[in-house]
*Asks:* 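Mind looking over this structure? Questions follow.
Just so you know, these numbers use all the heavy atoms, side chains as well, and skip hydrogens, waters and symmetry mates. Residue numbers start from 1 in every chain, and the chains themselves are labelled A, B, ... in the order their sequence lines are given, proteins ahead of strands.
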There are 2 protein chains.
Amino acid sequence: MRGSPTVSLPPKESRRPLTLRDVSEASGVSEMTVSRVLRNRGDVSEATREKVLLAAKTLGYVPNKIAGALASQRVNLVGVVIPSLSNLVFPEVLSGISAELEDTGLQPVVGVTNYLPEKEEAVLYEMLSWRPSGIILAGLEHTEAARAMMVNSGIPIVEIMDVDGAGVDSVVGISHRRAGRQMAEAIIAAGYRKIGFLGTKMPLDHRARKRLEGFEEGLAAAGLTIADKDFYSGGSALKKGREMTEAMLARTPDLDFIYYSNDMIGAGGLLYCLEQGIDVPGRLGLAGFNGVELLQGLPRRLATMDSCRREIGRKAAEIIAGRPHQGLIGGEVIELEPIIELGDTIRTA
Amino acid sequence: MRGSPTVSLPPKESRRPLTLRDVSEASGVSEMTVSRVLRNRGDVSEATREKVLLAAKTLGYVPNKIAGALASQRVNLVGVVIPSLSNLVFPEVLSGISAELEDTGLQPVVGVTNYLPEKEEAVLYEMLSWRPSGIILAGLEHTEAARAMMVNSGIPIVEIMDVDGAGVDSVVGISHRRAGRQMAEAIIAAGYRKIGFLGTKMPLDHRARKRLEGFEEGLAAAGLTIADKDFYSGGSALKKGREMTEAMLARTPDLDFIYYSNDMIGAGGLLYCLEQGIDVPGRLGLAGFNGVELLQGLPRRLATMDSCRREIGRKAAEIIAGRPHQGLIGGEVIELEPIIELGDTIRTA
DNA sequence: ATGAAAGCGCTAACAA
DNA sequence: TTGTTAGCGCTTTCAT
């Protein structure tokens, strides 16, 4: 021991953020060596290491990643672009992404588009201007400009949730078209024939649209068409499910099945039917989509299809995190298989 | 017109991100002027403006905010630190923040802590290292190191959701202690006397804890204590609400009220009671907390208290966005008033 | 094991 | 209205 290092705090008045230089001066070690210590890089003697660490901690130094990123040309950020946070589905995807990124040193940064292509373009532009390590974004439909930006960015891009279409780079998701078709087939197999559809009025929710198209294809294959359909926008999904189910049953009383575009309105419909004493699934069958946890607490399990949200997030993050190691050129397409859950609201043959 | 500007695309091979210099060369204008055009700053003649814009667009130039931020010492990012995204409450706060920040040029960046103080500290450190314009974070309880970092950062800090305690800088929220007390008073006023409590087992959810404490204070003021209480962790809140309500009623059959720590488990309890044909609110009263939209779709409106989530987000963002203009030194404390909603599950005198 | 020099891509400040 | 000169705070590279 040759005397403990002397570290004196600067006057509390100096509101200027601390720099490496401050730590350097306080510890009597060159900026370069301080930098090395703080990043655990290269060989540094244990003695200097401790001196530096002490000084940094005492001063309350927080590195400036902006300068670091500019110098190193590396940014440990992953941009995540999603349409909404209130949809419940997206926070779950995010949670999968966070979990996978946990120990990679990468940090997700979220941007929300409200299902607007122009907003998506703006968010993307903003994100790319921070030169992130990769971008994960929902859907395959984007403005031409957005697509061009992504291609030109030179970073890995993963489009998630949907595989029905062409991606810019990598793609991880399910086929909503197929999901719709499969549900139609299951419903028909169970003997239902007069089928209604209830969904959200969102022309820009391409996945919901594809599901409906697939559903109609499935019905068509059996010579059927949708007997009644309706769309809502805004408000509590649960409440809307109730109200619209009531309205639809009043309008088309001989309906024997209702397919909902998501579990929330489906749950609303289910609650309504149970209250009315309607025989579910005997007289009327019901099904939703997503496989949300909420359904577990309902009096009866609504038929649904798991949309593999967490898994999609995980895989997407894995691609971004793994790309550098594996030296991949990109262009992977991963299609997950949603599992149909008949629950208690589709009768079994 | 002296001939349209000639802009030639670089060979598609150059995967190097474009710089201001590239735009400068392509347009025959100095980097500085290009910079001015791209930021709409200073006086630039319409002719050069167009030349530059064309070149930038043709090349597909995306500015490098890292360099820009380093040079200008300004970062248009606001760090938002929250415990969870699956709690539904936090996405709503976020949505308030986003809405308020919409036209300010500021961008929220989200970090999630999973209710862990050490994780919060780490997230905060990471965020501060990007030198954001401000930080919004949930709660008043932080590690000493976290508090120190925030104080030293020199940027506006807004702690949200809770006002029961001392903040580092500004604070926007409600008093959960008071909310608990008010609910106790309302319940007692309605004539209930044998009261149970059902909540989440989260020692680090300080707001839920304070609510319970306030609730117990309220009961104590009337000479009452909680007759039965239980806590859960994990799983579907709706389902847990069902199961735990059943268990509690079996254990303490003469209970005449159950107070739930959130609306989701409350909704589960309500659904259970209705199924069992229990007279709500006659024989048993129920209340939750948060005022979530979901409740609108339930067969009966659960009593609750609105926790002003969006408003909290808005106000917090307003403080961050407004600070520079108004030259405030900070330290504002804004306490919002949650409104009690008796719904259909507390009997009226 | 440590240090010195150069420069990442942009913008503030000043000059013309 | 436009251009020039210095950095911003860090890391890379090379020297010692």
*Asks:* Excluding sequence neighbours, so at least two apart, what forms side chain to side chain donor-acceptor pair (under 3.5 Å) with Glu31(B)?
*Replies:*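 Applying side chain to side chain donor-acceptor pair (under 3.5 Å) to Glu31(B) gives none.
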*Asks:* If a pair satisfies side-chain hydrogen bond (donor to acceptor under 3.5 Å, both in side chains) and one of its residues is in residues 65-76 of chain B, list it, with sequence neighbours excluded.
*Replies:*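 Residue pairs with at least one partner in residues 65-76 of chain B: Glu126(A)-Lys65(B), Glu126(A)-Asn76(B).
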*Asks:* For residues 52-63 of chain A, which residue pairs pass the salt bridge (Lys or Arg N to Asp or Glu O under 4.0 Å) check, not counting sequence neighbours?
*Replies:*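 The answer is none; no pair qualifies.
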*Asks:* May I have all residue pairs that pass side-chain hydrogen bond (donor to acceptor under 3.5 Å, both in side chains) and include part of residues 102-113 of chain A, sequence neighbours excluded?
*Replies:*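 Every pair satisfying side-chain hydrogen bond (donor to acceptor under 3.5 Å, both in side chains) with a residue in residues 102-113 of chain A: there are none.
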*Asks:* How does protein contact run along nucleotides 9-16 of chain C, one letter per nucleotide 5' to 3', with B for base contact, S for sugar-phosphate only, - for none, heavy atoms under 4.0 Å?
*Replies:* BBBBB---
*Asks:* Take the C1' atoms of the five end pairs on each side of the helix from dA1(C)-dT16(D) to dA16(C)-dT1(D), get both axes, and report the angle to 10 degrees.
*Replies:* 30°
*Asks:* Shoot me the first and last contacting nucleotide of DNA chain D against chain B, ordered 5' to 3', at under 4.0 angstrom to non-hydrogen atoms.
*Replies:* dT1(D) to dG9(D)
*Asks:* Could you work out, with side chain to side chain donor-acceptor pair (under 3.5 Å) as the rule, every residue matching Thr48(A), not counting sequence neighbours?
*Replies:*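 Ser45(A).
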*Asks:* Taking atom types as modelled, is there a side-chain donor on Asn87(A) or Tyr115(A) under 3.5 Å from an acceptor on the other?
*Replies:* yes
*Asks:* Using the side-chain hydrogen bond (donor to acceptor under 3.5 Å, both in side chains) rule, collect all pairs that involve residues 132-150 of chain B, keeping only residues at least two apart or in two chains.
*Replies:*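 As it turns out, the side-chain hydrogen bond (donor to acceptor under 3.5 Å, both in side chains) pairs with a partner in residues 132-150 of chain B, which skip direct neighbours, are Glu120(B)-His142(B), Glu121(B)-Thr143(B), Glu141(B)-Lys210(B), His142(B)-Glu159(B).
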*Asks:* My understanding is that only residues two or more places apart in sequence, or in another chain, count here; which of them pass salt bridge (Lys or Arg N to Asp or Glu O under 4.0 Å) with Arg36(B)?
*Replies:*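 Counting only residues at least two positions away or on another chain, Arg36(B) forms no salt bridge (Lys or Arg N to Asp or Glu O under 4.0 Å).
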*Asks:* Sequence neighbours left out, what passes side chain to side chain contact (heavy atoms under 4.5 Å, CB included) with Arg131(B)? Give chain and number order.
*Replies:* Pro17(A), Val62(A), Asn64(A), Ile66(A), Val75(B)
*Asks:* Check the phosphate of dT2(C) against Ser45(A), side-chain N and O only, distance under 4.0 Å to OP1 or OP2. Yes or no?
*Replies:* yes
*Asks:* What pairs with Arg309(A) under side chain to side chain donor-acceptor pair (under 3.5 Å), at least two apart in sequence or on another chain?
*Replies:* Glu92(A), Ser307(A)
